[in-house]
Amino acid sequence: MPKPAATVAWLLPQLWRRRFLPPSLVPRALSSSSLLTTHRAPRRRSPLSPFTHLAAAAAVSTAAAVEAPTTSPYPVYDRLLPCPLQDDPPRIEHLVAREDEMAGDFISRSLGLPPLYVADLIKFGAVYYALVAPEPPPYAAPEHVRIFREVTNPSVLRQRASIKGKTVREAQKTFRVTDPNQPLEAGTYLRVHVHPKRFPRCYEIDWKSRVIAVADDYVVLDKPAATSVGGATDNIEESCAVFTSRALGLETPLMTTHQIDNCSEGCVVLSKTKEFCSVFHGLIREKQVKKVYLALTTAPVSTGIITHYMRPVNRAPRLVSEDHIGKWYLCQMEVLDCKKVPWPSSSIRKVYNVNDCGWPQQEAAYECKINLLTGKTHQIRAQLAAIGTPIIGDSAYMTAAIAAMANPSINPFGREKLSYNSEEEKEAAVEAWIAAHGKEPKSIIGLQASEISWDYEGEHHSYKAGVPWWRQDSVEFDLV
C-alpha cells in the first residue's frame, strides 16, 4: 500500500467511486477541494460494527430514506438506524477554506459527501476546526505544503481579524464544529473524520436496566461491554453517558468521572454536575475510591500484591516490566481471591462474540477478585498477561502471552529476557515484542469492574455490578 500523503490523488478517487461520487465527477471533486493530507489508518472492527454511513444518534429505530434529486451529484443517502450494515476503514481529511462560507457546504462540496452525511458527522463530533492550519507531516505532498505556506504566510495572517492577539500556536488549537451552518473564515482549517469509530451495541441495550443507582449528584451504571463510557475522538454520541442520559430523561447530559476499557463491563460513575466531577476526580487522586475487579484468567493466580512498572507511552499495547525502569509508572494490584470456575461454554462465547485468540478451550478457567491499587490504562490486562495468565478473550494481550509461552526470551522485559549488545538491538526486540500483541478487542473480555466505593462527607457509597457474563449457565438470557 503506498503511503497516504504520496497517493492522495490515487486514493481518494477509489473511495469516491465506491461510495459517494460517480467516476465522471471525481476530477471535479478533486479540483474543488483544498486538501492538505489524507490519512487512512488500519483499524479492525467487530462484525457487530458495520458500515460507513452515519446514523444521527436519535432514539428511533426506523430508517428514513432521503432521495437525492436527479440533478444532484450525490447518490441516495439512507440514514439507517441503529447502525449501517457494512464497515469502511478510517478516513481522515484535512481541509483549508479558501473563502468565507458555511462549514457544512464547504465539507460537502470539497469531499463529495451528501449534506445529510456531513450534518451527521458534525452531530457525532467528528469535525474539528482551527483558525490556522497545523504544519503538515513530513510525508505530505509538495502541493499540500504549498497550500499550508500560502495560508499561514505572515502577511496573510496579519489580515485576519480573528487571530489578532493570538500566537500561531494558540490559533492552531482545534475545536469541534457543532453546527453545519457554522461560518468559516477564509484560511480556517478543518479535520474531518469521514468514517468515525462506531459503537453499534449502544442500540441493543436496555439502558434503564443497566442503571444501578441514581443519586442527587451522580448515576452509577453497570456498563455493557463493547461500549465507550464517554465516546471517542470522532464519536461523542454513541456513548454510555449519552444513552444513559436519554434513558433517564435527563435535561443535562451526564458527564464522565473515570473510564474503563470499551471491552470491559461493570461499575461506572457518571456525574450530573461539574461540581461532583471535580469532587470525584479529587477522590481518585487521593486514592479514596476503591475499585474491585473480577478477571477471568486462563490459569490460577496467587493471592497477594502483584507489582510491575509500565512503559510511559500513551498507546496500546502497554508494556510492563517486573524490574524498575526509570520514569516507568508503578502498577500494583492485590489479588484477593482466585477460584476455579467452568470455562465459558461455546454457546455463551458465541452469544458474546468472545475471541478465542488461538487459545484452546480448557476444562476450567479461574475467576480472580482484584483490588486495584493503582489505576493505569490496561493495567490488569497487561499485568496478568505478563505473568502468563491472560484474560480470556483479550486479543490484545493474550496473543503476546501465547508468544512468550512458546519463546520466553521474546519479551525484552520478562524474567528470561536476553542481554542486548546495543540500544538498537534492544529497540528491535521491543518492536518485535509489540508486534507479538494483537488488536484491541471489539467485543467482550473476561473483565468486570465488579465493585466501586468511596467515602465523602461522612457517608459511605458502595455499589456492585450484576452477574458477569461468564457465569451465565445458558443462552436463555437477555443480552442487555
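Hydrogens, waters and symmetry mates are skipped; everything else that's a heavy atom, side chains included, is used. None of these values were measured; they are calculated from a predicted model. Numbering starts at 1 and runs along the sequence shown.
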Carboxylate-amine/guanidinium contact Glu451 Lys291, below 4.0 Å:
no

Is it true that Glu367 and Lys369 make a salt bridge, defined as a side-chain N closer than 4.0 Å to a carboxylate O?
no

Does the pair Arg415/Glu322 count as a salt bridge with the N-to-O cut at 4.0 Å?
yes

If you measure from the Lys or Arg side-chain nitrogens to the Asp or Glu carboxylate oxygens, is any gap between Asp222 and Lys464 under 4.0 Å?
no

With Phe413, the ring pair (Phe, Tyr, Trp, His ring centres under 6.0 Å) member among Tyr309, Trp328, Tyr420:
Trp328

Gln361 and Ser346: side-chain donor and acceptor closer than 3.5 Å?
no

When the ring centroid of Tyr189 is compared with that of Tyr128, is the distance short of 6.0 Å?
no

Would you please indicate if the ring centroids of His461 and Tyr456 are separated by under 6.0 Å?
no

Report yes or no: do Glu416 and Ser409 form a side-chain donor-acceptor pair below 3.5 Å?
no

Carboxylate-amine/guanidinium contact Arg381 Asp394, below 4.0 Å:
yes

Do the rings of Tyr218 and Trp454 sit parallel, tilted or perpendicular, given the 30° and 60° boundaries?
perpendicular

Let's go through Thr307 and Gln332 carefully: what are the C-alpha distance in whole Å and the side-chain angles of both, what is the deciding distance for side chain to side chain donor-acceptor pair (under 3.5 Å) to 0.1 Å, and is it a yes or a no?
CA-CA 5 Å; Thr307 300; Gln332 286 188 316; 3.0 Å; yes

More than 12 heavy atoms of other groups within 6.0 Å of Asn181 CG
yes

Could you check His437, His378, Arg318, Glu440 and say which one makes a side-chain hydrogen bond (donor to acceptor under 3.5 Å, both in side chains) with Tyr397?
His378

Beyond-backbone contact of Val211 with Leu248, side-chain heavy atoms, under 4.5 angstrom
yes

Between Glu238 and Asn235, a side-chain donor and acceptor under 3.5 Å
yes

Between Glu363 and Lys340, does any side-chain N to carboxylate O distance fall below 4.0 Å?
no

Any chance NZ of Lys417 has more than 12 other-residue heavy atoms, nucleotides or ligands included, within less than 6.0 Å?
yes

